[in-house]
Number of protein chains: 2
Amino acid sequence: MKHITIKDVARQLNVSISTVSRAFNDKYDIRKETRAKILRVADEMGYRPNPIARKLIQQKTLNIGVVVPEFVNSYFPEVIIGIQEVLLNRGYQVLVMQSNECYTTELKNIKALEDSMVDGMIISLSSEAHNNDYYVRMIEKGYPIVFFNRVDENIPASSVIFDDYKWAYFATEHLIKQGCRKIYHFSGYQHLSLSRNRIKGYRKAMDKFCIPYTDDYIIETGFFIEEGQKAMEKLLVEGDVPDAIFATNDPTAIGAMKAIKKAGMKIPDDIALVGFSESKMAEVVDPPLTSVSQPTFEIGRTAAELLLRQINSEGFAAPQTVTLDGKLNVRESSSAKSR
Amino acid sequence: MKHITIKDVARQLNVSISTVSRAFNDKYDIRKETRAKILRVADEMGYRPNPIARKLIQQKTLNIGVVVPEFVNSYFPEVIIGIQEVLLNRGYQVLVMQSNECYTTELKNIKALEDSMVDGMIISLSSEAHNNDYYVRMIEKGYPIVFFNRVDENIPASSVIFDDYKWAYFATEHLIKQGCRKIYHFSGYQHLSLSRNRIKGYRKAMDKFCIPYTDDYIIETGFFIEEGQKAMEKLLVEGDVPDAIFATNDPTAIGAMKAIKKAGMKIPDDIALVGFSESKMAEVVDPPLTSVSQPTFEIGRTAAELLLRQINSEGFAAPQTVTLDGKLNVRESSSAKSR
DNA sequence: AAAGTTTTCGGTAACGTTTTCGGTAACGTT
DNA sequence: AACGTTACCGAAAACGTTACCGAAAACTTT
């Protein structure tokens, strides 16, 4: 495990370390033949420049940190793939960490990344209630950060988000057009703006088509199957049965699906279902789940692009919010409604 | 973005940088009060030791690289969570990269991690055929590496694997006990040892119960839904219909499920199904899929432990293979067979 | 042939730490 | 009073690289 350094190469060739460095950095002030020779011998010796030393003097790590709430569901992994796609090609290394939806570990991750001197970060906030101070301070110091999906409008940073409002509207509209009238919304944690926007879209559609509803129609669940299931079971027990549910994501929709099937009711005939953020599961559950698909890879790619722009702009780049569009995948869970 | 260094702190307090360093490293030869004062002022100034410089002199990065084929399915993410669990607690940082099942990018990732001077790596090989030379050389140089899941017996390294043979046997046995006789096996790429072991387990069970079968019963698919679906469709078209399928993983089983349902046949009555490596989807598909669950988190944890042992043992630690156990989750796709 | 330019290279100072070694007080010991 | 110990601290050398500043050598120009 003994490392070969630039000095060893220099000594071997009877040149100075500056020259070896030049050969490797392809500078102009070196003769072609010397360069070729150095590279050849260095390769034979198995020399590879020590990136730590290089980072120390260049004050850049070429590392980017990514913090996501989880990566067990396919959403975040897909975004990460998009991020890596553009970053790896630009010579950056991507450090992925997960907060497990917990604010404390989120902050711990951020600090770890800071300590590891990443050149910038791409963050999706945990669902736990949180305090923005740390982020605001970092941004004020000029630290390049881009948020996505889970953002907070109070943090003055660039972000890439999905048009939750619009697509929540379309999802609800779709249910209405299928003939549903008593449409409930299983919402995510409402301190997240994405949840609030989806609620807004839901309301807008209900209002527009003059469908009566009360605040009780909006039920705050979490983001997981069990929570959707619990919420639905409660509704069924209470006898307050809707004829459709627009869920904040696929897992909660699938949870509801489980409860409905267990109760012996039919989907979509008794209750229609629409999910959100198209997951791998949507196509394979029975009946297949209608869902709004987000351009996950694209989200990752643009987040990375935004970050690079911020890193490369010496002055302060004005925060910029990119909103991306999706599409509604209609499947059996909401269509062919026979009434 | 100007960083505060140890010098700034030293100047501010009129002490030497050595003293500040001592304060931060909790050395014995410093007065308690000085230490407290330094830490307090340093904190006020927002000083944090530069880890790059520290790494340079200590010749350790406290970084661990993880390379997996993909993380869109939940298997690898869960393993990674296990890995992070033990590594983060020990002060290590985890760098995750994915090879996209491609040998070339796998190697590119490995080299990038090497360049970034990780103290060790945890690797799961891509499914593409590969050449071991690079790994063997690294191991000979004493580089700490642990493999998991996708291993290669020809690489003399520590690894943690699942007892594929045993559980493939149990899965097949389960189908036999349900009354199935014409049991096909959808196998993964056969150059991966895990695929070969699952085939062995399948054969063993068929032999033991004296069920006749031919090599045609073993069909090499890949690891994705589409591949399972294609394989099943082919069987149905050819009219060569089995009464059960033991698939190498859940996606291929679910692919088969799609094809079977589309053909109007019943699961498990016409064809029973068993998957492998329990995924999130197993519980939500219809009918719920019988599958073998692997202790994913535990696999990650032990891989990390093995790696740490290797890093901390100065001499050469003998390669060690840990085999973990799982369990069979019986669900409707294979049970209640009515014949 | 002298002077000016360009090419090519070497020496050395950074980068921000930790670590080794040595030095100065203060204190007790004889 | 001289000496040894201990507790604390500072100076300087590492770690491996790149950046900067010159200087020698080669080549042009006058």
Side-chain angles (χ1 to χ4, degrees), chain A residues 1-39 41-43 45-63 91 93 112 114-119, chain B residues 1-39 41-43 45-63 91 93 112 114-119:
Chain A
M1 277 288 281
K2 183 70 188 69
H3 266 121
I4 299 148
T5 78
I6 199 171
K7 282 181 202 161
D8 301 320
V9 180
R11 204 170 318 137
Q12 175 84 16
L13 281 155
N14 258 328
V15 295
S16 74
I17 56 169
S18 333
T19 309
V20 179
S21 172
R22 268 187 279 259
F24 270 86
N25 292 291
D26 211 3
K27 293 278 175 158
Y28 55 96
D29 57 348
I30 185 170
R31 200 165 40 163
K32 272 205 169 279
E33 299 91 61
T34 353
R35 175 162 181 277
K37 191 172 156 200
I38 290 175
L39 288 183
V41 174
D43 186 55
M45 296 176 68
Y47 167 73
R48 300 252 282 281
N50 182 328
I52 304 281
R54 178 182 279 165
K55 284 169 188 173
L56 181 59
I57 197 157
Q58 293 186 153
Q59 300 289 69
K60 276 184 187 174
T61 61
L62 290 182
N63 276 359
Q93 211 80 187
E114 257 188 299
D115 278 346
S116 138
M117 303 212 73
V118 293
D119 293 341
Chain B
M1 276 290 280
K2 184 69 187 70
H3 267 121
I4 299 149
T5 76
I6 200 172
K7 283 183 201 162
D8 301 320
V9 181
R11 206 171 314 139
Q12 174 85 13
L13 280 155
N14 259 329
V15 295
S16 75
I17 56 170
S18 332
T19 309
V20 180
S21 171
R22 268 187 279 260
F24 270 86
N25 292 292
D26 209 5
K27 292 281 174 158
Y28 54 96
D29 55 348
I30 185 170
R31 199 165 42 171
K32 270 200 170 284
E33 300 91 63
T34 346
R35 174 161 183 276
K37 190 172 154 199
I38 290 175
L39 288 184
V41 175
D43 187 54
M45 297 175 69
Y47 167 73
R48 301 251 283 282
N50 182 327
I52 303 284
R54 177 181 279 167
K55 283 170 188 172
L56 181 59
I57 198 159
Q58 293 186 151
Q59 300 290 71
K60 276 184 188 174
T61 61
L62 289 181
N63 275 0
Q93 211 81 183
E114 258 189 297
D115 279 344
S116 132
M117 302 211 74
V118 294
D119 293 341

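Convention: sequence-line order gives letters A, B, ...; per-chain numbering from 1.
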Within the 4.0 Å limit for protein heavy atoms, which parts of nucleotides 17-27 of chain D are touched? Write it as a string from 5' to 3', B for base, S for sugar-phosphate only, - for none.
BBB--------

Provide the closest heavy-atom pair for [X] versus [Y] in the form atom of the first, atom of the second, distance.
| X | Y | result |
| --- | --- | --- |
| B:Val20 | B:Ile6 | CG1-CG1, 3.5 Å |
| B:Thr5 | B:Tyr47 | C-CE1, 3.4 Å |
| A:Val9 | A:Ala42 | CG1-CB, 4.1 Å |
| A:Asp8 | A:His3 | OD2-O, 4.1 Å |
| B:Arg54 | B:Asn25 | NH2-OD1, 3.8 Å |
| A:Met45 | A:Ile4 | O-CD1, 2.7 Å |

Any B:Gln59 side-chain nitrogen or oxygen under 4.0 Å from OP1 or OP2 of D:dA14:
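No, no such contact exists.
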
I want to check one thing: is the phosphate of C:dC9, taken as OP1 and OP2, less than 4.0 Å away from some side-chain N or O of A:Arg31?
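Answer is yes, contact under 4.0 Å.
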
Whole angstrom is fine here: how far is it from [atom1] in [X] over to [atom2] in [N]?
| X | N | atom1 | atom2 | result |
| --- | --- | --- | --- | --- |
| B:Lys60 | D:dG16 | NZ | P | 15 Å |
| B:Ile52 | C:dT18 | CD1 | P | 13 Å |
| A:Leu56 | C:dA14 | CG | C1' | 9 Å |
| A:Leu13 | C:dG10 | CG | C1' | 15 Å |

Would you compute the distance between atom NZ of A:Lys32 and atom CD1 of A:Ile30 and round it to the nearest 0.5 angstrom?
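It comes to 10.5 Å.
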
Any donor-acceptor N or O pair under 3.5 Å, side chains B:Ser16, B:Thr19
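Yes, because at least one side-chain N or O of B:Ser16 sits under 3.5 Å from a partner of the opposite role on B:Thr19.
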
Within the 4.0 Å heavy-atom criterion, would you say B:Ile30 contacts the bases, only the backbone, or no part of the nucleic acid?
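Sugar-phosphate, no base atom in range.
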
Reading 5' to 3' and counting Watson-Crick or G-U wobble pairs with both distances under 3.5 Å, write the dot-bracket notation for DNA chain C, | for bases paired outside the strand.
||||||||||||||||||||||||||||||

